[in-house]
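The next block holds one structure in the form of structure tokens; read it before the comments.
Residue numbers run from 1 in the order of the sequence given. Just so we're clear, the structure is a prediction, and the values are computed from it rather than from any experiment.
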Amino acid sequence: MAQARVKERSARKESLFGERFAIFAECLLTGVWIAVACLGVVTYPAAFAAGARHLRRRTTHQVSGSRQFVADFRAAVRGGWAVGLAGWAAAAAVWVDVLAVRAGLPGGPFVGAVGILALIGLAVALLRAAALWTPDSTWRALLADAGRRTVLDPAGSFLVVCGLAVVSLSAVFVAPLAVPVLGAVAAAALAVEERHRRR
């Protein structure tokens, strides 16, 4: 009887390991899907929204695959392209700030630092909004709520920033590795939102 219990425990541990590894592998695959969906330049919010929704379904043991990802991406891109365009405009404004810093304009370093911090905050809010996206939600409402959570939940926002840092470092050291790691960023945003919901 004791041996049966030991075997049962070891089988549980293996299945738990297998389940966690499967989720990790799914994150990497989702990263590839997100990267392909981002090729439209302004489609990155919709890509992350579809990726996060796919991972949410997988972690709750619902059926999800490439067809569901594509359907979610199509639904998210309807309003998400404008969000993507606004994000590129914000990045361009920060680039102008960086150029002002390099040119040695008075107050340039302060303005540049504020611009970079604001851009990081916008990226975190966007990822947090994408993590909660559903086909019946609007991007405006999602971003407004995510902006508040970004400020009021600094620990969660810091975790998302760490995920973005991992992608950036991956791109610097081994560029192809940055593609699958995008799925881990979507998973991090999803986990942060789940953590915030349970508080």
Side-chain angles (χ1 to χ4, degrees), residues 30-31 34-52 73 76-133 137-196:
T30 304
I34 289 171
V36 170
C38 285
L39 292 177
V41 182
V42 295
T43 57
Y44 61 92
F48 275 101
F73 174 73
V77 83
R78 289 187 196 115
W81 70 268
V83 176
L85 192 61
W88 282 116
V94 170
W95 180 247
V96 170
D97 288 346
V98 170
L99 291 178
V101 171
R102 287 186 176 175
L105 294 176
F110 175 74
V111 172
V114 169
I116 289 172
L117 288 175
L119 186 63
I120 292 170
L122 287 172
V124 170
L126 175 68
L127 286 168
R128 293 185 78 152
L132 294 181
W133 178 87
S137 57
T138 64
W139 280 102
R140 180 176 289 185
L142 284 172
L143 286 168
D145 290 342
R148 282 190 288 275
R149 288 192 308 277
T150 298
V151 174
L152 297 176
D153 180 22
S157 298
F158 179 72
L159 292 173
V160 177
V161 170
C162 289
L164 290 171
V166 167
V167 170
S168 301
L169 290 173
S170 300
V172 168
F173 293 115
V174 185
L177 187 60
V179 171
V181 173
L182 290 172
V185 173
L190 191 61
V192 163
E193 288 303 317
E194 183 65 21
R195 169 189 165 274
H196 182 76

Ignoring hydrogens, what is the shortest heavy-atom contact between [X] and [Y]? Give both atom names and the distance.
X	Y	result
Pro180	Pro176	CD-O, 3.2 Å
Val94	Gly115	CG2-O, 3.2 Å
Val83	Pro45	CG1-CG, 4.0 Å
Ala52	Leu190	O-CD2, 3.7 Å
Val185	Gly163	CG2-O, 3.4 Å
Arg149	Glu193	NE-OE1, 2.7 Å

Can you find a pair of side-chain heavy atoms, one from [X] and one from [Y], that are under 4.5 Å apart?
X	Y	answer
Ser157	Val161	no
Leu127	Val192	no
Val124	Phe158	no
Ile34	Cys38	yes
Leu126	Tyr44	yes

Spacing of [X] atom [atom1] and [Y] atom [atom2] [to the nearest 0.5 Å]:
X	Y	atom1	atom2	answer
Leu169	Leu164	CG	CG	11.0 Å
Leu117	Leu122	CG	CG	11.0 Å
Arg195	Leu159	CZ	CG	6.5 Å

*asked:* I'd like to check the side-chain contact (heavy atoms from CB on, under 4.5 Å) partners of Asp97; sequence neighbours left out, ordered by chain and number.
replied: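 side-chain contact (heavy atoms from CB on, under 4.5 Å) check on Asp97 returns Val111.
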*With under 30° as parallel and over 60° as perpendicular, where do the rings of Trp133 and Trp139 fit, or are they tilted in between?*
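Trp133 vs Trp139 ring planes: parallel.
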_Check this for me: Arg140, atom CZ, are more than 12 non-hydrogen atoms of other residues, nucleotides or ligands nearer than 6.0 Å?_
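For Arg140, atom CZ is not crowded (no more than 12 foreign heavy atoms under 6.0 Å).
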